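This is the structure I have questions about; it appears just below.
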Amino acid sequence: MRDFHAFSNAQALSQATAELFIKTARKAVEERGLFTVALSGGSTPKHLFEELAQPACSRDIPWDRTLIFWSDERAVPPDSEHSNYRLANDTLLSRITIPEKNILRIKGELGAQRAAEELERDLTETFGDQGMPRFDFVLLGLGTDGHTASLFPGTEALSATTMTAAVINPPANPQMDRVTFSLPILNNARTVLFMVIGDSKRRIVSEIRSDPTAVERYPAARVSARKTLWFADHAALGKGE
Ligand code: 6PG
């Protein structure tokens, strides 16, 4: 079941996402003593990270009980302009107080295969080895080809039954190997939140919303967690300006 929410612009969407992030974090720590979150890549989450770094938000988040993963990463060093970690570090992590050990960066500099193996180790150390990890909150973006994380249409990673997959020569821009969460780990999450902004996503959002066969074509349509939220601005939903 997908739950769509419309927002007038990127700022309103990011503020609503920040509020949900805080609420989910506090509830998870209250109930289980820990908040496990996977951040998304690409450019969309920049506004959200900047919002979370604001003292009005960051002081309400139990960062010392928060474990930060990524739902995907490019096979690049952490200081690369293409690194999903770098965006989060520049706009959020470097601006808050969080124990270094709570940041489980995907080590893209090792190459996709070894980075995926390291990520599996981090996940097993965090969640144990009894079945698929259950994240409290997973942030995802949407590509104009219907990909999410680094799960691209027609690629092997889509059928991965492991927690993660190495994606070699993906049909993506920028063209570089990647590491991604698999569909099973995404679908095992308590909450998945897609953040979608801009009219370039309008066609794909419309198809995913209205066409039951979209699951056959688009990886993003195959994400169905306990709670699957779609936060989209009017431009992505095709509403009047
Ligand atoms: C990545 C992302 C990818 C991204 C979408 C949307 O590493 O590129 O994880 O899945 O979320 O491509 O990207 P934008 O937010 O830049 O539109």
Side-chain angles (χ1 to χ4, degrees), residues 7 9-11 13-14 17 37-52 68-92 104-109 111-112 115-116 119 135 137-155 157-158 160 164-183 185-187 189 192-205 207-208 217-223 225 228-237:
F7 296 89
N9 57 41
Q11 189 181 0
L13 188 150
S14 299
T17 306
V37 58
L39 303 180
S40 55
S43 56
T44 297
K46 182 171 183 287
H47 296 296
L48 168 65
F49 296 158
E50 289 169 340
E51 192 71 27
L52 290 173
I68 296 182
F69 287 77
W70 277 260
S71 47
D72 79 323
E73 184 56 282
R74 293 83 180 272
V76 295
D79 60 354
S80 161
E81 63 176 317
H82 299 300
S83 164
N84 290 336
Y85 162 82
R86 177 172 166 184
L87 175 69
N89 190 49
D90 290 351
T91 53
L92 172 59
L104 292 302
R105 180 178 69 84
I106 299 175
K107 302 175 183 63
E109 66 276 18
L119 176 56
F135 274 82
F137 201 56
V138 177
L139 290 165
L140 290 174
L142 175 70
T144 52
D145 61 352
H147 83 258
T148 192
S150 286
L151 297 167
F152 295 92
T155 57
L158 276 175
T164 72
V167 186
I168 310 304
N169 291 330
N173 175 26
Q175 175 71 44
M176 53 186 58
D177 292 352
R178 299 186 177 210
V179 180
T180 188
F181 272 11
S182 64
L183 276 172
I185 195 170
L186 295 179
N187 288 339
V192 166
L193 173 62
F194 283 90
M195 293 185 292
V196 188
I197 290 168
D199 55 18
S200 69
K201 312 289 175 73
R202 184 177 302 186
R203 178 189 62 77
I204 201 82
V205 167
E207 276 197 59
I208 289 175
R217 297 187 298 282
Y218 307 128
R222 294 173 57 176
V223 175
T228 308
L229 302 172
W230 285 71
F231 283 11
D233 69 352
H234 286 172
L237 288 171

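Everything numeric here is computed off the predicted structure, so don't read it as measured data. Numbering of ligands and ligand atoms starts at 1, following listing order. By convention here, the first residue in the shown sequence is residue 1.
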Taking only heavy atoms of Gly141 into account, list the atoms of ligand 1 that are under 4.0 Å away from them. 11 (O)

Return the residue, atom name and 0.1 Å-rounded distance of the protein heavy atom closest to atom 17 (O) of ligand 1. Lys201 NZ, 2.7 Å

Under 3.5 Å donor-acceptor, Glu73 side chain and Asn84 backbone: yes

Closest protein heavy atom (residue, atom, distance) for atom 16 (O) of ligand 1: Ser43 OG, 2.7 Å

Is Thr148 in polar range of ligand 1, meaning some N or O pair under 3.5 Å apart? no

If you define the side chain from C-beta out and look only at heavy atoms, does anything of Thr164 sit under 4.5 Å from Ile185? no

Report yes if the side chains of His234 and Asn9 come closer than 4.5 Å at any heavy-atom pair, otherwise no. no

Name the closest protein heavy atom to atom 13 (O) of ligand 1, giving the residue it belongs to and the distance to 0.1 Å. Gly42 CA, 3.9 Å

protein heavy-atom neighbour closest to atom 8 (O) of ligand 1 works out as Arg74 NH2, 2.8 Å

Contact summary for Leu186 and Ala225, nearest pair of heavy atoms: O-CB, 3.7 Å

Looking at side-chain heavy atoms only, is the closest gap between Arg222 and Leu158 below 4.5 Å? yes

Show which atoms of ligand 1 fall inside a sub-4.0 Å distance from at least one heavy-atom site of His147. 3 (C), 5 (C), 10 (O), 12 (O)

Is Met195 in contact with ligand 1, taking contact as a heavy-atom separation below 4.0 Å? no

Strictly under 4.0 Å, does any heavy atom of Ser40 approach an atom of ligand 1? no

Determine, using heavy atoms of Glu73 and all atoms of ligand 1, whether some pair is separated by less than 4.0 Å. no

If we only count N/O pairs under 3.5 Å, is Ala149 in contact with ligand 1? yes

Does Leu193 reach the side chain of Phe137, with side-chain heavy atoms less than 4.5 Å apart? yes

Write down the atom of Val179, the atom of Ala112, and the distance for their closest heavy-atom approach. CG2-O, 3.5 Å

Students often mix this up, so state it plainly: with edges at 30° and 60°, are the rings of Trp230 and Phe194 parallel, tilted or perpendicular? parallel

For Thr44, the ligand 1 atoms with a heavy-atom partner under 4.0 Å come out as 14 (P), 15 (O), 17 (O)

Heavy atoms of Ser71 and Leu140 approach each other most closely as OG-CD2, 3.7 Å

Return the residue, atom name and 0.1 Å-rounded distance of the protein heavy atom closest to atom 9 (O) of ligand 1. Asp72 OD1, 2.7 Å

Which residue owns the protein heavy atom closest to atom 6 (C) of ligand 1, what's the atom, and how far is it? Leu142 O, 3.4 Å

Taking the side chain as every heavy atom from C-beta outward, state whether Thr144 and Ile204 have any pair of such atoms under 4.5 Å apart. no

Using distance alone, decide if ligand 1 has a nitrogen or oxygen within less than 3.5 Å of any nitrogen or oxygen in Ser150. no

